[in-house]
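Worth saying up front: this structure is predicted, and the values here are computed from it rather than measured.
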Amino acid sequence: MTLRMAEPVSVSLDGVKKWYGSFAAVRDVSLAIAPGEIVSLLGPSGCGKTTTLRMIAGLETADEGEIRIAGQVVNDVAPWKRQIGMVFQNYALFPHMTVEENIAFGLQMQGMGRSGIARQVREAMAQVRLGGMEGRRPSQLSGGQRQRVALARAIVTRPRVLLLDEPLAALDRKLREQMQVEIRALQRDLGITTVFVTHDQEEALTLSDRVVVMEAGQIVQSGTPAEIYERPRSRFVSDFIGFTNAVAGTVEGIREGAMQVRLASGHVVPLEGAEAGFPAGHAVDLVIRPEKLRLSLAPEARPGDIPGTVRHVVYMGAVTYYHVEIGGGATLIAMMPNDADGSGPPGQGSRVGLSWRPGHMLVFPRAAAAA
Amino acid sequence: MTRALTEETAAVPRMQQPAAGAAPRRRWRALRQVLAPVLLLLPGAVLLALVLVWPFLTMLGISFTDRYPNGAALTLDKYRDVLGDPYFLRIILRTFGLGLVVTAITALLGYPVAWYLARSRSRWKHLVFLGVIAPLLVSIVVRTMGWTILLGNEGLVNSALMALGLTDTPLPLMQSFWSVVLGMVHILLPFMVLSIATVLGKIDPSLSEAAALLGAHPVRNFLRVTLPLSAQGVAAGSVVVFCLSIGAYITPLWLGRGQVTVLAISIHEQMVVLVDWPTGAAASMVLTIGTFVILALYGLAFARHARR
């Protein structure tokens, strides 16, 4: 740990709204970020996540509501006085400056002396493993190197808050995974309060302490990555985070403490512990993650299993996806690890039984325009 | 290396087959690669040679003769006349001074307008753009006439001043270096605005946002980020404006009313009024070489930018 940051600070948004003409880009966002926390704003494009980030930076002004950094309202504080480090989606490196000059820029603005700047730039460059690149221009760097320069430039001034706008979107898959680990390690080392915007659910899950899912300018769910993944509160969140199966059904009623749902295939599925009770006759979607489905080769042997036929087998290396047709036009996809226990995977056309643990099958009201 | 090898191995079986016509086709393709650019450039090149290079070389030749036509000796006398005569020197200085002043003023006036055109999201933006390029659609003669109507002895400004009783006799608003500057700035401003706006429009707005978040106050932000990145646009606009203003004829003639003689007017006088072709040609060469020097300086200054 070479660069020591100031004491971490909190960031909070309270009833923040932003309009572009008659279009509400952000409608009533309230969010409290603890000092040192790393929070991701996740959502599809146009959900208001970038606008929210830019309002924290001061690059957009909030039309309503208050934004606080370390408890102080900053709505009227100019961006150059906010002490915020930001990594832009396209990195926004100054093309007419060398790597060294880019990183030194913020320190020069602070009025730091020449020798102090040189030392801190050197430390920041070492921290993001950029040694030897001092004299290069941004156009002579690879995508990953530009990313590192942007990071170094953002942290060298010891900002109170670090903002990252789609920081890894421009990198290829392998580099992205590597940078995810590096950014996480750097953030932990610095202990800096960090907010980042992404549309990539995997990035949000791996990088953040807390994931804030946004849709149409509003926060739809906020929680730890595990909470968001395991207990999505809506069909939108479950679809957006990871791959999900959805099967249409109709509520039959409640029997033996479990809601009974009749699927289009004719099977009646009991749902224990379904939190939201729906009246009989209500149209619902049953949603389950592929890895939560259990596949057995002897469907008749286990009572309660839903029988089906394997239609496609998609081998992915570590795991295999089985597309199981259960009748009534419905297909469930089950994911099984490819471990070598020798039982032999079910082939195309084999009859199988599907089961799951109570609580893994989620029930949502049928959306009017379900995708 | 690998590609070359595979191409070679791929070519072997083809060569063995009796594929007549393959070789001529390849030769034709090579010929076409040479011919295409030549054919594309030829009409323009011929036109340039006829209307620019040939007259230029003719003038160059005339400038070294003692008289024209029927000049005998090759001499540097005419250049000595032009560069050694205080009258001509004043004209040369005035011409290049006019170019510098007009360039500086158009750059200062044009930069904010270009900034507005490049950055504004206002719905009035296209009207401002139209306003900038509209003067280009009107002939220089008409625009200069407009200034005459405004600034002349019986012009709008003098009439207004006399009606208000601020002056009894018309003020000599024309006839001065600065009235020529005024007209030239008006005529050449669009070139400056357009070349700066083009470059400004290409600068990623997130660069100055990044600078702001790094603590740069708007003034320092502009001086450290936007201005250096737009310097090439200012330079390109300056070259165009400078070259056009040192070669201007109509505007200095009309707005200066014979009091502001620049090289173009003097060349016209030498050649048409005094029928002294060699002196006029020498003066033309001075003007042309001055332009080349400016272009060379521009090229040198921005060679490093091009390398980026």
Exercise. If you count heavy-atom pairs under 4.5 Å with chain B, which of Leu107(A), Leu163(A), Leu59(A) comes out on top?
Worked result: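 Result: the option with the highest number of such pairs is Leu59(A).
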Problem set entry | Heavy-atom pairs under 4.5 Å with chain B, option from Met86(A), Lys81(A), Gln108(A) with the top count |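 Max contact count across the listed options: Gln108(A).
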Exercise. Can you tell me if Gln187(A) and Arg184(A) form a side-chain donor-acceptor pair at under 3.5 Å?
Worked result: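 Yes, because at least one side-chain N or O of Gln187(A) sits under 3.5 Å from a partner of the opposite role on Arg184(A).
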Problem set entry | Between Arg158(A) and Gln83(A): side-chain donor-acceptor atoms closer than 3.5 Å |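 Short answer, no.
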For this session: Salt-bridge test for Glu100(A) and Arg122(A): reply yes if a basic N is under 4.0 Å from a carboxylate O, no otherwise.
Result: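 Arg122(A) and Glu100(A): not salt-bridged.
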Exercise. Should the pair Trp147(B) and His186(B) be assigned to parallel (<30°), tilted (30 to 60°) or perpendicular (>60°) ring geometry?
Worked result: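 Geometry flag for His186(B) against Trp147(B): perpendicular rings.
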For this session: Could you tell me how the ring of Phe222(B) sits relative to the ring of Tyr111(B): parallel (under 30°), tilted (30 to 60°) or perpendicular (over 60°)?
Result: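 Geometry flag for Tyr111(B) against Phe222(B): perpendicular rings.
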Which atoms of [X] are under 4.5 Å from chain B, going by heavy atoms: the side chain, the backbone, both sets, or neither?
X	value
Leu93(A)	backbone
Phe94(A)	both
Arg54(A)	side chain

